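Notes to accompany the following structure.
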Number of protein chains: 2
Amino acid sequence: MKSRPTIVDVAARAGVSKSLVSLALRGDDGVSPATRERIVAAAGELGYRSNALARALRQTRSMLLGVVVASLDNPYHTEVVESVERAAEQHGLSVLLAHGARKAGRMAERLDALGDLNVDGLVVVSSWADPALLQAAARRAPVVMVGRSLEPVAGIDSVNNDDERGAALAVGHLVAAGHERIAHLTASRRPAGLARRAGYEAAMAAHGLAAQVRVIERERDETAGPGLDAALAEGFSAVFARNDVEAFDVLDHAWDQGIDVPAGLAVVGYDDSALALRARPRLTSVHQPRAEMGALAVELLRERWSGRAADRHEVLTPRLVVRASA
Amino acid sequence: MKSRPTIVDVAARAGVSKSLVSLALRGDDGVSPATRERIVAAAGELGYRSNALARALRQTRSMLLGVVVASLDNPYHTEVVESVERAAEQHGLSVLLAHGARKAGRMAERLDALGDLNVDGLVVVSSWADPALLQAAARRAPVVMVGRSLEPVAGIDSVNNDDERGAALAVGHLVAAGHERIAHLTASRRPAGLARRAGYEAAMAAHGLAAQVRVIERERDETAGPGLDAALAEGFSAVFARNDVEAFDVLDHAWDQGIDVPAGLAVVGYDDSALALRARPRLTSVHQPRAEMGALAVELLRERWSGRAADRHEVLTPRLVVRASA
DNA sequence: CTGTTAGCGCATTCAC
DNA sequence: GTGAATGCGCTAACAG
């Protein structure tokens, strides 16, 4: 509302120069205890807080971390964001969150806006991103992509889970339970989806089974319609879905058709997001180690700040969380 | 990464003063077309973007809008955030999103952090907030609360839907469908929950029916357990839940117990969030006009900037969206 | 040692 | 069209 007190106001009130206020408030030595106390008291009385903008402008570091997330409506994404935030906080970094980066145009705009604010680093949480955009952003601040790109993007670090291995875990579990007609349902032609699909196909082959991939187009704000029903009508005994959101849809449609899960149809999802616990029956799902992924993303940025030049692409190992659906 | 080009670099390259660069780039008159073109070209070649921090520091306005949301895991909240963002963009405001304000301590910290960045205004999207915290934040920038507080907080504008009326819509719909044993399930002692409960009780009384409120404690990250089952065992013919999340739980537990919805149990939720479309059967729910709410929140801030001193508390009218669950 | 002065960082604005 | 002042906090160099 009213203009906030500045360092000059504090200095005046404490009867010292503004330089000393700066030193005192940041715990520098070379300030006598008595004076420091006076300054701290003055600051307290005025409700002074240093202006983050001014500080960031003067220093090279803003201590700001930009996080761009594709959308807020996939629980897995928001869970990754939270883990990034936790890690950031531990290093005294403030997170600025931007979302809606599902379209390249908006993604570019968000990245630019964060860059304009002098963020020290960027974390992009998305299952897809235009390499050129990432590289453009990386000219301003180091960028870490949490999620897959088709192939490594030069100059961009990345953190991922091993989608192929995750898919193999799902298939292995279903095969061990005696399933043979195992379908893979996917709606995505994006990298993570492709990797899971490839992992599924490889695992099926390894078990001597025929891969059955069904691509289900998903409408915006809707659960997949007729395509999904048609796929279920084929009589598979088990389904490995590309992610929890789609596994959730499978459960819904199975419910509509009176198919009993898991007896009539076993379902395995991917991400182990909050959705897995909301589902009935509770969803068996491949867990991505998101807490580690967030921490690692921040760690990679810190390494860049310390001068690392070579790209790093970290791939973490997922694990299967078995619940009631398979 | 490398230090970004400044206005001085552009000025040097175009052979003019930096003042003129500033004027030209912001479309001021009084710059000859030829010169302007030279300047724009120079800026383009250098990839110059004005430093948002420096601009905010110089001007009184930062054009930054802070949005604090209780949590990212309630779809209704994130949908409100998106509508605020859309409205903000139309006025050239950038949104800085912060979350995790479920605890007062963290809320205070987030508000402070945004204040340090000189946001021009704050929107708090939450079903609860400590009035003292809001007022503290309001000393730095105008604050709008989207959601209910127990009573109006002096100095803080608010945007809400009429919870009492929404509850009455739900009850009216169920009564019209012939229901008499209508329970209200709630887990919340927070303002919005209380208002809906009061609205439910009033509506039941108006219809000459006995109110049946059941308070179901919800564990973190879990759907309500035994309490919910016990309530369902009482044999109500319809349930009005405090919000979609809890209505979703009701559907799950009904499913567990083999209760057919809506034949054996009609269910109505509140918020009409994305969850309503995920539910099976699709959830009948009270719709809060979130698009208008977001736009209104931004509008209220703009009025404050224009000098309005009196508080405004806007209450919008909800409507019932009838789907399959009731 | 304790504290001050001067100037920086970047874009905007006003008097000339 | 320009130079100088401004906003706010940090910091190098300097004085007591």
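Chain naming here is simple, since letters A, B, ... match the order of the sequence lines and numbering starts at 1 in each. The shown structure was predicted, so the numbers you read here are calculated from the model rather than taken from an experiment.
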Audit row: B/Glu109, B/Lys103, salt bridge (Lys or Arg N to Asp or Glu O under 4.0 Å) steps and yes/no
CA-CA 10 Å; B/Glu109 183 206 341; B/Lys103 293 184 201 151; over 6 Å; no

A/Asn118 CG - D/dG9 C1' separation (whole Å):
15 Å

What's the CZ-P distance between A/Arg61 and D/dG9, to the nearest Å?
21 Å

Provide, to the nearest angstrom, the distance between the CG atom belonging to A/Asp28 and the C1' atom belonging to C/dT2.
11 Å

Rounded to whole Å, the CG-C1' distance (A/Asp9 to D/dG9) equals 13 Å

In whole angstroms, the gap separating P of C/dT13 from CG of B/Leu23 amounts to 9 Å

Specify the separation, in whole Å, of atom NZ of A/Lys18 and atom C1' of C/dT2.
19 Å

So how far is it from A/His313 NE2 to A/Asp157 CG, rounded to the nearest 0.5 Å?
6.5 Å

Does a sphere of radius 6.0 Å around CD in A/Glu37 hold more than 12 heavy atoms from other residues, nucleotides or ligands, not counting ones at 6.0 Å or beyond?
no

Between A/Glu292 and A/Arg290, does the salt bridge (Lys or Arg N to Asp or Glu O under 4.0 Å) criterion hold? Intermediate values first, please.
CA-CA 5 Å; A/Glu292 291 88 331; A/Arg290 16 171 198 281; over 6 Å; no

Base, sugar-phosphate or nothing for A/Arg49? Non-hydrogen atoms, less than 4.0 Å.
sugar-phosphate

Just N and O in the side chain of A/Arg36: are any of them under 4.0 Å from OP1 or OP2 of C/dT2?
no

Does D/dT11 have its OP1 or OP2 closer than 4.0 Å to a side-chain nitrogen or oxygen of A/Gln59?
yes

Hey, is the side chain of A/Ser32 poking within less than 4.0 Å of OP1 or OP2 on C/dG3, counting only N and O atoms?
yes

How many Å lie between CG on A/Asn51 and P on C/dC10, as a whole number?
16 Å

Touch class at under 4.0 angstrom, heavy-atom based, for B/Val21 against every strand present:
nothing

Below 4.0 angstrom from OP1 or OP2 of D/dC10, is there any side-chain N or O of A/Ser22?
yes

In whole Å, what is the span from the CZ atom of B/Arg58 to the C1' atom of C/dC8?
16 Å

Any base atoms under 4.0 Å from B/Ser19, or only sugar-phosphate, or nothing? Heavy atoms, all strands.
base

Just to be sure I understand the rule, does A/Ser17 reach a base, reach only the sugar-phosphate, or reach nothing, if contact means heavy atoms closer than 4.0 Å?
base

Would you indicate whether A/Gln135, at its atom CD, is surrounded by more than 12 heavy atoms from other residues, nucleotides or ligands within a distance under 6.0 Å?
yes

Closest-nucleotide ordering on DNA chain D, the 5'-leading residue of A/Ser50 and B/Arg38:
B/Arg38

Given C/dT4, C/dT13, C/dG9, identify the nucleotide with an atom nearest to the side chain of A/Leu20.
C/dT4

